[in-house]
Participant: 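Could you have a look at this structure, given as structure tokens, before my questions?
Positions are given from 1 along the sequence. Read the numbers this way: they start at 1 and go in the same order the structure lists the ligands and their atoms.
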Amino acid sequence: VQVIETVDGFRKALDADRTQGRTVGLVPTMGSLHAGHRSLIERSAADNDVTAVTVFVNPLQFAPTEDLAAYPRDLDRDVALAAEAGAAFVFAPSVEEMYPTGPAPLTTVTVATISEPLEGRTRPTHFAGVATVVAKLFAIAGQCRAYFGEKDYQQLAVIRRMAADLSFPVEVVGCPTVREPDGLALSSRNVYLTAEERAVAPRLHEALQLGKRRIEKDGERDPRTVAHAMQQYIEAGKEPRFILDYAEVVDAADLATPTRLFGDVRLLVAARLGKARLIDNLGVRAR
Ligand code: PAF
């Protein structure tokens with residue numbers, strides 16, 4: 001695997017491969033790679049001739065109160081994992097390389113409406129930070145397929161819409177969430193959990209399964225009733241307890257809350273557990 005630190009070097013490397021007729025897969029990450037990222041890299045390596053993993057902890061998507069400084073970083077480990085999973089390149093630029101005009105670029109990308117509910121309520125600047133850095137990565141990488149996990153479902157929706165609205169020559173591919181055997185979705189932030197918190201963390205996924213049963217088995221069609229059942233489940237249970245941020249049921253395509261559940265819907269939850277803020281989601285079809 002070749003590690004590239006400059007925008008120019010990365011652009012030229014991918015251009016050279018495409019000139020030889022090779023297809024390119026892009027896996028944007030913030031590093032601290034785990035089995036979830038590995039599944040994205042392997043999927044890209046299966047679909048494309050050349051896979052590039054980007055490792056960049058993007059300051060623009062962290063609020064001042066969030067964990068930018070503490071965010072886990074280990075480039076050597078990430079490079080080894082990316083190579084093992086089949087990547088040809090790791091693009092690991094510095095902050096100055098990605099934001100050459102300074103840490104507050106005058107040009108940013110905002111995806112209206114779908115950035116606003118759910119995560120957007122407590123993290124109002126987060127998706128503009130994500131959309132901006134991903135737009136830059138797409139502009140640098142050029143024509144490719146780009147792979148993102150469904151774990152960050154709202155992020156995936158925002159990126160899909162951004163790529164379509166701005167006509168990037170990029171096919172955005174969403175990939176299933178990878179879970180621990182007890183259901184906890186893999187996340188770089190799981191390292192913040194103490195042993196006691198880790199033991200109760202699967203409750204978040206259990207709440208989603210409860211919501212899914214309410215819709216599929218019990219035929220519940222009121223999104224508020226399903227959301228309420230998930231909220232209660234997350235907030236019950238023994239110590240250490242979750243501090244619930246949201247538990248919602250939305251339309252899978254536009255993330256709006258319907259009056260009645262019909263077709264493809266998405267259940268989404270977010271809660272704090274100790275130092276970690278965990279999110280998870282599940283797709284359900286209401287027939
Ligand atoms: O999901 C992530 O790791 C990040 O939000 C992304 C898409 C790499 C943008 O920084």
Participant: Could you tell me which residues satisfy salt bridge (Lys or Arg N to Asp or Glu O under 4.0 Å) with R203, sequence neighbours excluded, listed by chain and number?
Facilitator: none
Participant: Which of the numbered atoms in ligand 1 are below 4.0 angstrom from a heavy atom of T29?
Facilitator: 8 (C)
Participant: For ligand 1, which atoms, with element, lie under 4.0 Å from some heavy atom of Q61?
Facilitator: 4 (C), 5 (O), 9 (C), 10 (O)
Participant: Quick one: which ligand 1 atoms are inside 4.0 Å of a heavy atom on V133?
Facilitator: 9 (C), 10 (O)
Participant: So how far is it from E42 CD to R38 CZ, rounded to the nearest 0.5 Å?
Facilitator: 5.5 Å
Participant: Can you tell if the side chain of T29 reaches within under 4.5 Å of the side chain of V53, non-hydrogen atoms only?
Facilitator: yes
Participant: Is a side-chain donor or acceptor of S188 paired with a backbone partner of S32 at a separation under 3.5 angstrom?
Facilitator: yes
Participant: With distance as the sole test, does H37 use its side chain to make a donor-acceptor pair with the main-chain N or O of H34 at under 3.5 Å?
Facilitator: yes
Participant: Just let me know how T54 lines up against ligand 1, side chain, backbone, both or neither, with a heavy-atom cut-off below 4.0 Å.
Facilitator: neither
Participant: Short list, please: which atoms of ligand 1 are under 4.0 Å from a heavy atom of Q155?
Facilitator: 1 (O), 2 (C), 4 (C), 5 (O), 7 (C)
